[in-house]
Structures are given as C-alpha cells and as structure tokens.
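The next block holds one structure in the form of structure tokens; read it before the comments.
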Amino acid sequence: MADLGTKIGIVDFENPIFVASGTYGYGTEVSELADINDLGAIVTKSITRYPREGNPPPRIVETPSGMLNSIGLANIGVEAYIETMIPLYEELKTPIIMNIAGSTEAEYCEILEMTESASSNIAGYEINISCPNVKAGGMEFGVDCDLTEQLTSRLRKLTERLLIMKLSPNVTDIAAIGIAAERGGADALSAINTLVGMSIDTTNKESNIHFGFGGLSGPAIKPVGLACVHKVYQAVDIPLIGIGGITCANDVLEYVLAGAAAVQVGTANYRDPDVGNSIIIELDTLLDKNNMGSILNLIGKVQLGS
Ligand code: SIN
C-alpha cells in the first residue's frame, strides 16, 4: 500500500482527497449517497453571518467539460450552522473544514469568533475570499494583496485551528495574493476557486445564468488550476490544496507534482458523490504501480525543461 497520508499545518490527514466547498453541503447530508468516513476531509459550503437565499435561478448550467454556477452563497447562516450542523460532526471520523464567506472584515471575524466560542471538533477554516457571484465581499479581498494580508492576520489572531485562504484565479498575479496570505499568517492556501464565465441560449438570446456571469469549474479548468498551484508553490513556503477539474487519481497526481499537498474534488461530486472514495482507491494503486511511495515525497516534483 502507498502512503497517502499528508499534512497541512498542524493537522495530519489520512489521505489527500478532500471534497470542495459548495459541492458537499454542510458535510453529513451526503452520507445517504456516499461513505463520507474515508475522505481526507470535507470542506463545507460557505457559511455567512446571516442566512442567504442566494441568487435567483437559473444559477447552474452545464458547459463543455464543465459547469457554471452563480449560487450566490445560499446557506443557513452561522447561528443555525452552529446549532444544527456542528453537533452532527461529533459522530464523524472525517475532519471538517468550515468554509467562511463575509462581506466585511468584521463579518468574517465575527463568524469565526462565534464558531470558536461554540464547542466543536472542526479541524479548521477555509476563508472564501474568491466568490465571483456576490456584489459585496469575497472577491474584493481576494484581488487585493493588502486586504488579503490584513484579513488573514486578523483571523489568525482569533484561532489556532487550521487557517486556509482560498484564492481566486481571476487576478493578475495569484502568487502575489498567496504571498500576502502567507505574510498574514495563513497555514495553507487553496487554489483555485472558479473562473468567471458566461453561457448564452442563442434560441432566445437569454443568458443561461440569471445575472449573466457565473463561476466556471470542472475538467475545463484543470490546466488553469495546475498552473496557478505551481505559480503559488514557487512563491510561498506554506502547503497548498489544489482545486479545479479533478475527476481521477491521475489528476490528483498532477496537482501533487505541481505543488499541492492535498486536493479538493468539486464538480465531479455532482455526477458521483462517491467519486472521492473511488479516487482514493485508484490513487493507492497508481502510486504502488509506479513505485512512487508517498504523497509527501511527490509534492512539487514536476520536472520543467531548462
Ligand atoms: C456561490 O455560492 O456563488 C459559489 C461560491 C464560490 O464560488 O465561492
């Protein structure tokens, strides 16, 4: 058996296959459709200070090798999350990473503080500074180095749990944003969130997404995700979590070689909510077959021409 174990900050994970925010609900709902106990970690959908209905439909559309979404951070809000979801995690072996979204720095801090003061066994936080689908917040932070550093350092002071900043590909220089988050005290970075995209129904000339733009995910964005991970890997010393178009073990290996210590499977969960478990088994076989040993020894080992 290959050694699939990995480490992000102070947390050891049994394997590097996490499921991505927004594709696995609050974590436990999917247990009716998949065995959620063997995943490396579950990242929850984004939790905001107050409940949100999200954007009006249509807010999801399939595209070639991908999907556009403009959900608009629909969720139950942090109070209900603490009351109804966090207790369910007591039964769960898989580490939970809570994804937080806010529209101001104070709001991000308040959500994190409220969660810290509730008793919970969550492993850490992924901070969404990269949602392309809301007017206020999110992306505002993720496109600005100073705001990213300032927000990260405020959050850092509020928790000793894992603090992961989720980066946007919709920037000029993703490495600079990664450096800013590292300076602010992030334990790790996840990359990438979705790319801004559009889809139009030519029969009636209407946009297939209510507000026109949405976030593109799925295999179509894998080359972009790999490039972003490698650029950030070359610029920072903290671990990276690769996201974007992962559907099989070979995709995971590509992300690891590009510099990721773990990955998040996202859009593929819509087709098969158990795909994460299939990938874990497939990854074990792939590493064994190629005598590759352990995940930790493969991180960033891509060979570039001179
Ligand atoms: C959404 O809820 O619109 C998607 C969240 C995100 O892309 O960060």
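Remember, it's 1-based here, ligands and their atoms both numbered in the order they're listed. Owing to the predicted nature of the structure, the values given are computational and were not obtained by experimental measurement.
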Partner of Ile279 under side-chain contact (heavy atoms from CB on, under 4.5 Å), chosen from Asn277, Val275, Ile281: Val275

Polar proximity ligand 1 side, Gly72 side, N/O cut 3.5 Å exclusive: yes

Sole candidate of Asp3, Leu283, Asn15 that passes side-chain contact (heavy atoms from CB on, under 4.5 Å) when paired with Ile295: Leu283

Val134, portion touching ligand 1 at heavy-atom distance under 4.0 Å: neither

Top protein contact for atom 5 (C) of ligand 1, by heavy-atom distance: Cys131 SG, 3.7 Å

Which of the ligand 1 atoms, numbered from 1, are nearer than 4.0 Å to a heavy atom of Asn133: 1 (C), 3 (O), 4 (C)

Location of contacts on Ile71 toward ligand 1, heavy atoms closer than 4.0 Å: both

Atoms in ligand 1 with a heavy atom of Asn193 nearer than 4.0 Å: 6 (C), 7 (O), 8 (O)

Structural part of Asn69 in contact with ligand 1, heavy atom criterion under 4.0 angstrom: side chain

Test applied, side-chain contact (heavy atoms from CB on, under 4.5 Å); reference residue, Val61; option that passes from Asn69, Ile200, Ile209, Asp201: Ile209

Straight-line distance of Ser168 OG to Asn128 CG, nearest 0.5 Å: 9.5 Å

Distance-only polar pair, side chains of Asn75 and Thr48, donor-acceptor under 3.5 Å: yes

Salt bridge (Lys or Arg N to Asp or Glu O under 4.0 Å) between Glu107 and Arg49, worked out: CA-CA 7 Å; Glu107 209 171 87; Arg49 175 65 187 86; over 6 Å; no

Interatomic spacing from CD in Glu113 to OG1 in Thr159 - rounded to 0.5 Å: 10.5 Å

Residues Lys231, Asp173: salt bridge by 4.0 Å N-O rule: no

Under 4.0 Å to a heavy atom of Pro132 - the qualifying atoms of ligand 1, by number: 7 (O)

Leu73 contact mode with ligand 1 (heavy-atom cut-off under 4.0 Å): both

Within-shell test, Gly215 vs ligand 1, heavy atom, strictly < 4.0 Å: no

Contacting atoms of ligand 1, where contact means under 4.0 angstrom from a heavy atom of Asn128: 6 (C), 8 (O)

